Structure formats: structure tokens, C-alpha cells
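Just so we're clear, the structure is a prediction, and the values are computed from it rather than from any experiment. These numbers come from the heavy atoms of this one structure, side chains and all, not from hydrogens, waters or symmetry mates. Reminder, nothing fancy here: chain letters follow the sequence lines and each chain counts from 1.
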Amino acid sequence: MELHGENDFKIKSYQSAVNSLERFNQSLAVLDINELQEIEGVGKSLAQSIYQINEQGSFELFDDLSAKTPDGILEMMQLSGFGPKKIKLIWEKLNIDNLEDLLTACKENKIAALKGFGDKTQVKLQEAVEFKLSWRGYIHFREAEKLAEKLILDLKSIDGVNEVSITSDVRRKMEVIKPVEILVAAENKAKIIQYVAKNDAFDLDKKNSGPLSLKFTFKPLKAEVNIIFTSKDQFINELFKTTAHPNHLNAELEKGKSFNNLLKEGNFKSEAEIYEAAGFPYIEPELREGLWDLNWAKENAIPKLIEMDDLKGILHNHSTYSDGKNSLEEMARYCKDLGYEYLGISDHSKTASYANGLQEFRIKKQHEEIDALNEKLAPFKIFKGIESDILNDGSLDYSNEVMESFDFVVSSIHSPLNMDEKTATNRLLNAIANPFTTILGHPTGRLLLQRKGYPINHKAVIDACAEYGVIIEINAHPWRLDLDWRYVRYALDKGVLISINPDAHETNGYHDMYYGVCVGRKAGLTAHETFNSKSLEEISRYFNDRKKSALSKL
DNA sequence: GCCGTTTTCGGCCCGACTGTTTTCAGTCG
């Protein structure tokens, strides 16, 4: 609507309806038109549209606008830092409707000449386009794993398929994936080719497919898929080869010996057998990066990796007090029903006004509600937390008196995000040194495949966390996975505790912790090093001690 | 297109930042 010059206020009403619907926690499908109209921001027209979507899968306005919007423009709209107004202008004035032409226009200095643009904007735009192009075809791990699991299920049901497995980056649980790779041992490849060719969701890449592999695109996600064919006998060898990062596969284990060489000696029956033949303990797939894995293996000191069952509670969550979808009670009950011992609620602080951040008087109200719920739900416990904005100078968002009222504080940067490394690092260092900071939230602010995140001196930030006893979160949202697992390893070596936090904005968000566990495992994270694998008793004590020490430092 | 009256029209969430302007528009969280 913004691209096609629709009335600004009409656009606003759609936006406010979307805002309201995103927080609406019942199914829209069971509501009639009158009931739909009772939702805030939904009037007669939108109620009818929603009803139509439910009946027919779409509605006129959307179909019309989609038809006159090139795919490339939609891609351009995702450029970080550029919104509909600027994209519309580029489209109209320069007739550019795809990223490639846009990049050329930047290089030819055509963007800076446009009204409302300038040199800096052009540089920023070029960077954004290059970032976008460099990740084209990649998808997030969550989508990749789901797609892979569906493919595995389908392939297993095909006659003559003997063995199937997820392999390569998905098996190593990398945070972003291209392509999704599946290893198959089948007697009849024709049937698999038929399965791909017949499926409307797939676009077979005949040119790049051959006897060894079948390449296609999964259209709804624009995801690249590669089915690798092998024989039943060679399945384990191929699985090993395709799973491991080349640095793991080709590393010199001893003079002239590597896993790759070992595989040439014969067909193995299991991966454990391969490691045994190399004189190594078994190495989990997600560790096979050729980074720290082989040294651990050589010293027979592979850590016991964290598992979902090790997690005893869930910290860093939002409720309807700020921008969450579910009430405090719903968040608490669902957490309890999942078998956890405690929940940490950390709604947005007051500076985050866009997210309905908590003013002081609302904090008080929330704390009263938490006290009441804690009586009702005991021994389950809700901890009083806050996700405090880290302000520009690195200070936190409330007075010391208010900060004292929390059991724990997640300190995070939300805006502004375009800082240079020195500014961002200093901002974080100040927040880390604040005695009220318990956990450092999403340290870089990145959104995988979408936003780079502000640059920070990782080592300086982690060293400071070690010095001040600040826990670092692995924000488990599949778009964040921040702190990056490569630096989680550094943090662990410095003795910093890691908390796997879902940043849940609704009850279902809790399940994202799985993605945090996945990347934690890549870093060799153990239960012992994971803050929220502490029991209720242990974590209560930790929060108490931490607060005492904070108060003594004031 | 929605909402709430000053009740069928008039106004529409916020605050900060950046880069472009030369007083403000666009973007973001």
C-alpha cells in the first residue's frame, strides 16, 4: 500500500490492525464477521477481508497489490535502513526493480543524485544491497530443519529408498543454511526424480542435477535443496563426508592421516566406528567444524553437551505488560505445564515506548501480580525481571531504587543501532559495569540474513563480563542466535556463564530455546556452564547474592 | 480504514536519529 501511494491514514489503520492482531491470542478462523469487528483496530472492511482470507486464502486488495509489485521490489523493501518511501522513489525515478540493477546504480553514482538522497545514503544503500545479495538463497536454521524433516519423511515413503539422512550444514546445526542437503541411498532414483518433478512447491534445476545429485528450489522459501545420491554400502562414509566441515574432514590427525584418508580404506558401518578407527572418541555432528573439536578429541576431553532436558527455567520473556501476546498468568502457567521450575519475566523498560515499555507505576502493579501468582502457583516461581534498555551513554533505564526492586536485569541495546565499534563497545562496557546488570541481552543486535548488527569488540565485551560477573545470553530466537556460537566458546574459556533465553513474546516462543541449545552445543556448552540449567534453589540464591553485592557497590 | 466523540466527521502512537535539508522526512525499534 505504501509503494502504490495508498492513503497514508488507511495504511495506518492496516498497521494498527496488524499490531492488534499480532497480539490477539485466539484463532481468527473460528470468528464470524461481527466477532472479528470487536477486535481493536478491526472495522467492517478489515473484518470482511479477514473472513475472506479464511475462506479463500487471500483477499482482493492483497491480490491487486501483489500483482503490480515485482518480486525484486519486495526484496528491495527488505533492505535494512530503507523503507517504502525511498524504494518507491528509486523504482519510479530510475525504473529499478531488482537488487542487481540497484547495485549498479549505486556504483554509477545515480542514487546520490536523487532528491532526498545523498552520498552517505548511497553508501549505506550499496552496503545494504551487498549484504542482501551475499545471503541470497540462505534460510534460517529453523526453516531449513523443518523443510529437511518433511523431505526425509516424504523420501522414506518412496519405494526402494533404503537410507535417508539430513546432512551437511543442517546436520551441523549451522545458524543459516544454503543449501539444505539430504543424503539418500536408493535403488530407484527415477522415483525420487519423479517425486521432485511432480511437486508444485519444487522447481527442479535440471542443468545442475545429474547422476550424483538432484538440485531444486523449494519455492515458498526460495530455498536451495540438494539431494545427494549414494549406495547403501557407502552411506555411512558419505554421511560422514558430507556432514563434516572440510577443516574437520581433512585435518591431519597424525602424520599423513586424516578422516578423509581413513574413509578410503573401506566402508564403515557407523560413524562411531570411524572415530574408533581413528583412535578418537565419538564427536557429535554439530562439533565437526575443525575448530576446537579435534583438540578435545585428541585429549579425550569432549565436553558433555547441553540438552533441552538440562534447562530448568526460562529467563528473558515478555508479557502483555509490554509487547508480548500472552498475559503474565498465561506465560507462567504454560511454562509450568512444560515442566520448568521457574520463569523470568523481563518486559521492556520505559524508554522502549514503541513496545509499551513499563513506567515505574506499572512495574509496581506487575510486581503485585507476580506476588499473587507466586502464591497460587508455588512451588513454581516467577522472577521479577526487566529488559532494561541500555541508553546511549551505557546507563540503564531506571533509578537505583527501581532497579533494586527486580530479581534480575537483562540489559540490551534496542536503539539506535547504527554505531561504530568503539561507540557500541563502550556503551556495552558501561552497562556491564553497572552492578544491576545480571545478563547481557542479544549483544550485537543482529538479525540473521536481515541486519548485520552493530560492530562490537567481542573480546573486550566478554572480558568485561568475566570481570564483572555478568552472564551473557544466547538469545535463542532463530533470527538472532546472538551471542554467536563462535564467541560463546571464547566466553566459556573466560569462565562466563551463558543463559539460553528465548526472548519469548508469546507462550509458544519458549520452544525457541531449542535453537539456543543447538548453537550452544556447537560451542561445546555444557549444563554446568548454562545459567538456566540451575535449579530454582540455586538460581534464587544466585539472584540474592548478586543483588546484595550490587547494593554494596552503590 | 478505524475510532470516538467535541457523536457521522476529523484526526490518527512515540521518540530518537540521520542525512538531507535549510526546517524536515524517512526509518527504526
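Residues meeting the salt bridge (charged side-chain N to carboxylate O under 4.0 Å, His left out) test with A:Asp71, sequence neighbours left out: none. Not counting sequence neighbours, A:Asn34 has no partner by the side chain to side chain donor-acceptor pair (under 3.5 Å) test. When the ring pair (Phe, Tyr, Trp, His ring centres under 6.0 Å) test is applied to A:Tyr340, no partner is found at least two apart in sequence or on another chain.
What separates CE of A:Met77 from P of B:dG26 is a distance of 14 Å, to the nearest Å. Per the geometry, CG belonging to A:Leu125 stands 14 Å off P belonging to B:dG19, to the nearest Å. Rounded to whole angstrom, the span from the CG atom of A:Asp8 across to the P atom of B:dG10 amounts to 18 Å. Counting to the nearest Å, the P atom of B:dG26 and the CG atom of A:Leu89 are 9 Å from each other. Atom CG in A:Asn7 sits about 11 Å away from atom C1' in B:dC12, given to the nearest Å. Computed from coordinates, the A:Ile90 CD1 to B:dT27 P distance equals 9 Å when rounded to whole Å. In this entry the distance linking NZ of A:Lys115 with C1' of B:dT20 reads 9 Å, nearest Å. One can place CG of A:Asn356 at 12 Å from C1' of B:dC14, the figure rounded to the nearest angstrom.
Summarising the base pairing, B:dC17 is matched to B:dG26 through a Watson-Crick or G-U wobble pair whose two defining distances lie under 3.5 Å.
Residue pairs meeting the ring-ring contact (aromatic ring centres under 6.0 Å, His included) criterion with at least one member in residues 390-438 of chain A, sequence neighbours excluded: A:His348-A:His414, A:His367-A:Phe406, A:Phe408-A:Phe543, A:His414-A:His442. Under the ring-ring contact (aromatic ring centres under 6.0 Å, His included) criterion, no residue pair touches residues 24-55 of chain A, with sequence neighbours excluded. Within the structure, no pair that satisfies the side-chain hydrogen bond (donor to acceptor under 3.5 Å, both in side chains) test touches residues 37-50 of chain A, not counting sequence neighbours. Screening residues 80-118 of chain A for ring-ring contact (aromatic ring centres under 6.0 Å, His included), with sequence neighbours left out, gives A:His4-A:Trp91.
Taking the P atoms as reference points, B:dT6 lies 14 Å from B:dG11, given to the whole Å. Spacing of C1' atoms, B:dC14 relative to B:dC9, comes out at 26 Å, to the nearest Å. Nucleotides B:dT21 and B:dG26 have their C1' atoms positioned 13 Å apart, rounded to a whole Å. B:dT20 and B:dT5 have their C1' atoms separated by 40 Å, with the value rounded to a whole Å. Rounded to whole Å, the separation between the C1' atoms of B:dC2 and B:dC17 comes to 30 Å.
Within a heavy-atom distance below 4.0 Å of DNA chain B, no residue of residues 26-37 of chain A is found.
For the 3.5 Å distance criterion, the side chains of A:Thr437 and A:Asn434 fail to qualify, holding no donor opposite an acceptor.
Ring-base stacking between A:Phe9 and B:dC12 is satisfied, the centre separation being under 5.5 Å and the plane angle under 30°.
For A:Lys12, counting side-chain heavy atoms from C-beta on, the closest listed nucleotide (B:dC2, B:dT20, B:dC13) is B:dC13.
Side-chain atoms of A:Leu447 and A:Arg480, non-hydrogen and from C-beta on, do get closer than 4.5 Å to each other.
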Exercise. Apply the test side-chain contact (heavy atoms from CB on, under 4.5 Å) to residues A:Glu75 and A:Asn98: give CA-CA distance (whole Å), side-chain angles for both, the deciding distance (0.1 Å), then the verdict.
Key: CA-CA 7 Å; A:Glu75 218 174 354; A:Asn98 62 77; over 6 Å; no

Mind listing the N/O atom pairs, protein and nucleotides 16-18 of chain B, below 3.5 Å?
from	atom 1	to	atom 2	distance (Å)
B:dC17	OP1	A:Asn392	ND2	2.4

